[in-house]
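Structure record follows, encoded as structure tokens.
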Amino acid sequence: MRRAFPRLGWCLLPLLPLSCHAGEPHPQARPWTPAAIASDQYESSPTFTPDGRELYFMRSDRAFGRYRLLMSRCEPGGWSAPLPPPFAGPPDAQEADPFVSHDGQRLYYVSSRQGANADDLDIWMVRRDASGAWSAPQRLPAPVNSPESELLPRETASGRLYFGSSRPGGPGLTDIYEGRLRNDGGWDVSLVGPPISTAEQEYEVEVSRDEDQLILVGQRGDGRSHLYRFERAGKAWVARGRVPAREDVFQVGPLFSPKGDRVLFGQVANERDSGELFLVDLQPTVDTNWPPRCGG
């Protein structure tokens with residue numbers, strides 16, 4: 001990505017009590033990772049197919065390095081033991097940040113398979129055919145990809161592609177960009193300006209299906225990445241505080257529920273697990289059928 005700048009420099013600190021921000025009425029985050037998926041490494045960036053039968057995610061080592069893609073299927077007994085998806089790159093490639101489009105026809109992710117530099121991640125995509133098979137990976141062209149690194153591609157319901165990038169031209173070391181596919185097959189890419197991209201570091205965004213909510217993954221103030229909430233007001237984004245999560249560790253890879261009332265994300269769990277998936281409610285009343293249930 002040079003992924004060292006947004007992630008590898010973070011420390012995994014000892015477990016401290018959870019706390020909520022003043023005025024935050026919602027429950028605190030709680031562990032969600034299914035038993036078949038949990039490990040002594042770091043699981044994050046989950047995404048589901050529309051039918052809820054497949055879960056794609058990334059796993060890294062305990063220091064949040066060595067990224068690889070994994071998938072699990074919902075079987076009668078529960079989620080299956082994770083395996084690399086059929087489109088996974090060679091063992092020496094860094095691959096992370098999967099995202100299944102809302103119609104289930106495309107899966108985006110980032111990979112270093114395009115070159116010898118393992119820290120340079122670009123956005124790739126696979127398409128699903130009528131038989132359910134994924135196509136060969138396709139690297140998105142410039143200006144979506146650049147000589148620098150791209151992170152966490154997320155396609156919205158209206159077809160916009162949001163992603164983080166360390167390319168020059170933005171106000172910070174890393175910033176958030178929006179891509180739009182033209183009718184001729186080319187792309188237009190623009191910086192998402194303040195308050196999303198600032199002189200500080202912003203790595204990732206997750207946008208709700210109605211495109212009225214946004215969660216930003218950024219490092220603002222304490223030298224550690226956290227999850228920041230925004231709501232749309234006309235054409236502008238308005239800050240609404242932080243997602244309730246631990247203060248002493250970073251958070252990464254958020255995923256909204258289809259109704260935008262819950263969010264899954266990666267966070268340190270304890271010394272044994274290193275990192276797991278956590279679930280938090282964003283509203284007092286939520287749809288408890290998400291994340292998808294599997295195996296009763």
Side-chain angles (χ1 to χ4, degrees), residues 6-7 10-48 52 55-60 62 64 72 79 96-99 152 154 202-208 213-231 239-294:
R7 291 181 170 171
W10 300 335
C11 295
L12 306 184
L13 300 182
L15 185 65
L16 295 178
L18 295 177
S19 63
C20 289
H21 292 281
E24 175 56 72
H26 308 309
Q28 297 171 352
R30 60 262 190 210
W32 179 83
T33 315
I37 293 172
S39 73
D40 62 354
Q41 300 181 67
Y42 200 115
E43 287 78 42
S44 66
S45 304
T47 184
F48 299 92
L55 166 61
Y56 294 81
F57 64 100
M58 64 171 281
R59 178 178 285 166
S60 65
R62 292 171 58 85
F64 212 73
S72 174
W79 292 104
D97 299 346
F99 179 71
L152 203 84
R154 293 294 172 94
E202 294 84 24
Y203 316 117
E204 307 173 344
V205 293
E206 161 70 344
V207 180
S208 61
Q213 297 186 77
L214 179 150
I215 294 177
L216 169 72
V217 183
Q219 182 174 304
R220 294 183 169 183
D222 69 352
R224 189 175 292 115
S225 172
H226 297 299
L227 307 180
Y228 296 85
R229 296 181 65 184
F230 293 82
E231 291 181 358
R240 297 301 187 202
R242 289 225 328 245
V243 172
R246 284 178 55 179
E247 302 280 353
D248 62 311
V249 297
F250 67 88
Q251 291 84 41
V252 69
L255 179 72
F256 270 121
S257 65
K259 294 183 177 180
D261 55 359
R262 309 182 103 179
V263 63
L264 275 174
F265 60 90
Q267 177 180 262
V268 168
N270 56 48
E271 292 181 2
R272 179 187 67 82
D273 293 326
S274 181
E276 299 290 351
L277 302 179
F278 280 73
L279 175 67
V280 69
D281 298 339
L282 300 178
Q283 301 175 11
T285 302
V286 299
D287 182 355
T288 58
N289 291 315
W290 190 92
R293 299 180 181 182
C294 182

- Item | E202/R220 ion pair, N-O < 4.0 Å |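 Looking at R220 together with E202, the answer is yes, because their closest N to O distance falls below 4.0 Å.
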Testing the basics here: between [X] and [Y], what is the closest heavy-atom pair and its distance to 0.1 Å?
| X | Y | answer |
| --- | --- | --- |
| R293 | T288 | NH2-O, 3.2 Å |
| S274 | D40 | CB-O, 3.7 Å |
| W79 | S72 | CB-OG, 3.4 Å |
| L255 | T47 | CD2-CA, 3.9 Å |
| R246 | Q251 | O-NE2, 2.9 Å |

- Message: Can you tell me how the ring of F278 sits relative to the ring of F265, calling it parallel under 30°, perpendicular over 60° and tilted otherwise?
- Response: parallel
- Message: L264 vs W290, test: side-chain contact (heavy atoms from CB on, under 4.5 Å). Steps then yes/no.
- Response: CA-CA 10 Å; L264 275 174; W290 190 92; 3.9 Å; yes
- Query: Considering only heavy atoms from C-beta outward, does the side chain of Y42 approach that of V252 to under 4.5 Å?
  - Reply: yes
- Item | Results of side-chain hydrogen bond (donor to acceptor under 3.5 Å, both in side chains) for E206 - residues two or more places apart only | R154
- Contacts of F57 that satisfy ring pair (Phe, Tyr, Trp, His ring centres under 6.0 Å) - sequence neighbours left out: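 Listed in chain order: nothing, the list is empty.
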- Task: Would you give the length of the straight line joining atom CD of Q28 to atom CZ of R30, rounded to the nearest 0.5 angstrom?
- Result: 10.0 Å
- Task: Nearest 0.5 Å please: distance from the CD atom of Q213 over to the CG atom of L282.
- Result: 6.5 Å
